[in-house]
Asker: 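Right, I'll just put the structure down here and ask away after.
Heavy atoms only: backbone and side chains are in, while hydrogens, waters and symmetry mates are out.
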Amino acid sequence: MNTFSAPKGTYDLLPPESAAFLAVREALAAPLKRSGYGYVETPGFEDVKLFSRGVGESTDIVTKEMYTLTTKGGDELALRPEGTASVLRAALEANLHRGPLPVKLWYSGSYYRYERPQAGRYRHFSQVGAEALGAEDPALDAELIILAVDAYRSLGLRDFRLLLNSLGDKECRPVYRAALQEYLRGLDLDEETRARIEINPLRVLDDKREQVQRQLAGAPRISDHLCDACREYHDQVRELLTAADITFEDDVKLVRGLDYYTRTTFEFVHGRLGSQSAVGGGGRYDGLSQMLGGPELPSVGWALGVDRTVLALKAEGIELPSAGRTDVFAVPLGEQARRALFGVVTELRRQGVSADFAFGGKGLKNAMKSANRSGARFAVIAGERDLADGEVQLKDLESGEQTSVALETVAATLRERLL
RNA sequence: GUGGAUGUAGCUCAGCAGGUAGAGCACCUGGUUGUGGUCCAGGAUGUCGCGGGUUCGAGCCCCGUCAUUCACCCCA
């Protein structure tokens, strides 16, 4: 037994499975890279107030789930629980919003939430995110949703659904909120939920418990309370998605747990992930910039969970991308051969051929075993006998066929045969 | 924070009226002292999560504890 293990709710990514994770992360980001989104990277921790003000004092993320710390200098920091607030902060700080709008950014990294771990929910998790800042245009909302769907599709993911809703804006949301509160207060609910009615009533709609959902059947619907501007905006988003061959489900109970959302909200849920079914989600946050002390900057964004997407692919039985394999494996016999073949391996690598070497002075048999395990197509084998003739043995590990090749030409020969 | 389940070899798991551990895979060695993958022969490995209790005797029963896991909650 080791003394140490990975902290609760975390896991290590190790070969060979780690290759799938990397590939998924890249696949999620690929559509963004060809759609005008620039890469942004922000610190793993921020002033705790950025999140409490941005994400919302009433959210679970802020009240229960943040990893906070006080520095030796007395600063109150928090490990980032999500990406949007940080990215917006960075953009405002660098005055990107004074340049051409919208500012389109994408990012990828680790996030931290102190939660009870369970299937698909970790205390350290990885997201790919995208934000489009400074434009109020339904096409931008649609663009982001389309890019997310295209990313999932490129991986072969099928069993996911897109839930879509509009939460209204500062005109119509308060009216709806009050109407909902009035309705909820009349229900038979537990104490915690009753408290939520006063702080964040919309989130009650999200409750999974059947006895709660049953009582919500007659609740006022946001869709009936949207102002004309919000309704028009939402209809345009829906039309653009339909035109792009994106199927979605209108879900008036989709709320999401971050306070900054306005108008468009959406979530991608997967059918075979158990309880933690959201593989991605996002929405519009027209008021966030001002909440952080910035100018008015209507924006929209999303985050896709890399861990959960990997789980979803597994659940669908989709073959996960594997590591790029080694093409050539060198097996030396003796010191002289070791130097000669190490040189060959270096040369091959410099020429772009992936090559590996039997390190550790193994015997021939073991070295051949390593060659086989590496998945290499060819083994280059040489001992004193061969080198005396200026040759090496080139073995095709699939057919077992072996030929002698001059040492000087082996790199060139291999490059040719690997084409 | 609240519930349920599970903790046995590197991995997946079996074990049972309570009589002090086993399979498959993986690993190692040899068959082949200059050749892998297949095949054959052989081999190593466990404080049965930890602590206490009951018992002549506990992997199995009881209590506690820790860890993992699933669900609520929340969300990626």
Asker: Quick check on contacts: within residues 398-419 of chain A, what sits under 4.0 Å from RNA chain B by heavy-atom distance?
Answerer: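 A:Glu398, A:Gly400, A:Gln402 - these, ordered by number, are the residues of the stretch whose heavy atoms sit under 4.0 Å from the strand.
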
Asker: Partner lookup for B:A5, please. Criteria are Watson-Crick or G-U wobble with both distances under 3.5 angstrom; report none if nothing qualifies.
Answerer: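 Pair assignment: B:A5 / B:U68.
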
Asker: CD/A:Gln393 to CD/A:Gln402 distance, rounded to the nearest 0.5 angstrom?
Answerer: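 So the CD of A:Gln393 and the CD of A:Gln402 are separated by 4.5 Å.
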
Asker: Can you tell me how far P in B:A9 sits from the matching atom in B:U45, rounded to whole Å?
Answerer: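 Per the computed distance, 15 Å lies between those P atoms.
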
Asker: Whole Å only: how far is the CD atom of A:Glu191 from the P atom of B:G1?
Answerer: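 These atoms are roughly 18 Å apart.
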
Asker: Would you indicate, yes or no, if B:U29 has its OP1 or OP2 atom less than 4.0 angstrom from a side-chain nitrogen or oxygen of A:Asn366?
Answerer: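 Answer is yes, contact under 4.0 Å.
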
Asker: With rounding to the closest Å, how many angstrom separate the C1' atoms on B:C61 and B:G18?
Answerer: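 Looking at atom C1' only, B:C61 and B:G18 are 8 Å apart.
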
Asker: Starting at CZ of A:Phe248, measure out to CG of A:Asn165 and round the result to the nearest 0.5 Å.
Answerer: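 Going from CZ on A:Phe248 over to CG on A:Asn165, the span is 11.5 Å.
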
Asker: Please give the distance between the C1' atoms of B:U68 and B:U8 as a whole number of Å.
Answerer: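 My reading of the C1' atoms in B:U68 and B:U8 gives 15 Å.
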
Asker: Between atom CG in A:Leu205 and atom C1' in B:C74, what is the gap in whole Å?
Answerer: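 After rounding, the reported distance stands at 15 Å.
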
Asker: Can you work out whether A:Asn372 or A:Thr59 has the more 5'-proximal nearest nucleotide on RNA chain B?
Answerer: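 Closer to the 5' end of RNA chain B: A:Asn372.
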
Asker: Figure out the CG/C1' separation between A:Leu14 and B:C11, and round it to whole Å.
Answerer: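 Interatomic distance, CG of A:Leu14 to C1' of B:C11: 14 Å.
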
Asker: Which of these passes side chain to side chain donor-acceptor pair (under 3.5 Å) with A:Arg284: A:Thr264, A:Thr262, A:Thr265, A:Asp141?
Answerer: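 With A:Arg284 as partner, A:Thr264, A:Thr262, A:Thr265, A:Asp141 yield a single side chain to side chain donor-acceptor pair (under 3.5 Å), made by A:Asp141.
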
Asker: Can you list, in residue-number order, the parts of residues 108-123 of chain A that come under 4.0 Å of RNA chain B, counting heavy atoms only?
Answerer: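 Hits under 4.0 Å, by residue number: A:Arg113, A:Glu115, A:Arg116, A:Gln118, A:Ala119, A:Gly120, A:Arg121, A:Tyr122.
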
Asker: Any Lys/Arg nitrogen of A:Arg89 or A:Asp47 sitting under 4.0 Å from an Asp/Glu carboxylate oxygen of the other?
Answerer: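 Between A:Asp47 and A:Arg89 there is no salt bridge, as every charged N stays at least 4.0 Å from the carboxylate O atoms.
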
Asker: Which whole-number value in Å describes the distance from A:Leu304 CG to B:A76 P?
Answerer: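 Nearest whole value for this atom pair: 10 Å.
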
Asker: For A:Phe45, is the CZ atom crowded, meaning more than 12 foreign heavy atoms sit under 6.0 Å from it?
Answerer: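 It does not: A:Phe45 CZ has 12 such atoms or fewer within range.
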
Asker: Which part of the nucleic acid does A:Lys8 contact within heavy-atom distance under 4.0 Å: base, sugar-phosphate only, or nothing?
Answerer: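 Touches sugar-phosphate only.
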
Asker: Using atom P in both nucleotides, what's the gap between B:U12 and B:U29 to the nearest angstrom?
Answerer: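 Rounded to whole Å, the distance is 25 Å.
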
Asker: Could you measure between the two P atoms, the one in B:G46 and the one in B:G53, and give it in whole Å?
Answerer: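 Result for the P pair: 26 Å, nearest Å.
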
Asker: Which heavy-atom pair separates A:Val255 from A:Leu202 by the least distance, and what is that distance?
Answerer: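 Heavy-atom minimum between the residues: CG2-O, 3.0 Å.
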
Asker: Looking at A:Gln213, I want to see if its CD is surrounded by more than 12 non-hydrogen atoms of other residues, nucleotides or ligands under 6.0 Å.
Answerer: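 Atom CD in A:Gln213 is packed in, count exceeds 12.
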
Asker: What's the gap between B:C27 and B:G37 when it is taken at their P atoms, as a whole Å value?
Answerer: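 Per the computed distance, 10 Å lies between those P atoms.
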
Asker: What interatomic distance, in whole Å, is found between C1' of B:A21 and the corresponding atom of B:G59?
Answerer: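 Those two atoms are separated by 8 Å.
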
Asker: Measure CD/A:Glu65 against P/B:A76 and give the value in whole Å, please.
Answerer: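 Distance, rounded to whole Å: 10 Å.
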
Asker: Paired with B:G46 by Watson-Crick or G-U wobble geometry, both distances under 3.5 Å: which nucleotide is it?
Answerer: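 The base-pairing partner of B:G46, which may sit in any strand shown, does not exist here.
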
Asker: Can you tell whether the side chains of A:Arg349 and A:Asp327 come within less than 4.0 Å, N to carboxylate O?
Answerer: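 Answer for the salt bridge query: no.
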
Asker: Considering only side-chain heavy atoms of A:Asp60, which listed nucleotide, B:U35, B:C74, B:A76, is closest?
Answerer: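 The listed nucleotide nearest to A:Asp60's side chain is B:C74.
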
Asker: Look at A:Arg80 and B:A76 and indicate whether a side-chain polar atom (N or O) is within less than 4.0 Å of OP1 or OP2.
Answerer: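 Result: no.
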
Asker: Could you let me know what B:U20 is paired to, Watson-Crick or G-U wobble, both distances under 3.5 Å, or none if it's on its own?
Answerer: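 Pair assignment: B:U20 / none.
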
Asker: Distance check, rounded to the nearest 0.5 Å: A:Gln276 atom CD versus A:Gln118 atom CD?
Answerer: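 Between A:Gln276 CD and A:Gln118 CD, I get 4.0 Å after rounding to 0.5 Å.
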
Asker: Can you tell me how far P of B:G36 sits from CE of A:Met368, to the nearest Å?
Answerer: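 Rounded to whole Å, this separation is 7 Å.
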
Asker: According to the Watson-Crick and G-U wobble definitions, with both distances under 3.5 Å, which nucleotide is paired to B:U35?
Answerer: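 With both distances under 3.5 Å required, B:U35 matches none.
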
Asker: So, taking the atom named CG in A:Leu164 and the one named CG in A:Leu254, what distance separates them when rounded to the nearest 0.5 Å?
Answerer: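 That separation rounds to 8.0 Å.
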
Asker: Who does B:G51 pair with, Watson-Crick or G-U, both distances under 3.5 Å?
Answerer: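 B:G51 is paired with B:C63.
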
Asker: Taking the C1' atom in each of B:G1 and B:U20, what is the distance between them to the nearest angstrom?
Answerer: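 Nearest-Å result for B:G1 against B:U20 at atom C1': 42 Å.
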
Asker: How many whole angstroms separate atom CG of A:Asp396 from atom C1' of B:U35?
Answerer: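 These atoms are roughly 14 Å apart.
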
Asker: State the pairing partner of B:U29; accept Watson-Crick or G-U wobble contacts with both distances under 3.5 Å, and report none otherwise.
Answerer: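 Per the H-bond distance test, B:A41.
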
Asker: Report the residue (A:Gln393 or A:Arg373) whose heavy-atom-nearest nucleotide on RNA chain B is the more 5′ of the two.
Answerer: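 The residue closer to the strand's 5' end, by nearest nucleotide, is A:Arg373.
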
Asker: Determine, using ring centers only, whether A:Phe268 and A:Tyr152 are less than 6.0 Å apart.
Answerer: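 Close enough - the centres of the two rings lie under 6.0 Å apart.
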
Asker: Once you round it to whole Å, what is the distance between P of B:C74 and CD of A:Glu82?
Answerer: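 For the pair A:Glu82 CD and B:C74 P, the rounded distance is 18 Å.
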
Asker: Under a 3.5 Å limit for both distances, which nucleotide forms a Watson-Crick or G-U wobble pair with B:C74, could you say?
Answerer: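 Looking at the geometry, B:C74 pairs with no nucleotide.
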
Asker: Could you tell me whether the side chain of A:Leu313 reaches within less than 4.5 Å of the side chain of A:Leu157, counting heavy atoms only?
Answerer: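 In short, these two side chains touch, coming nearer than 4.5 Å.
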
Asker: Nearest to the side chain of A:Arg196, which nucleotide is it out of B:C73, B:A76, B:U35?
Answerer: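 Minimum distance to the A:Arg196 side chain belongs to B:C73.
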
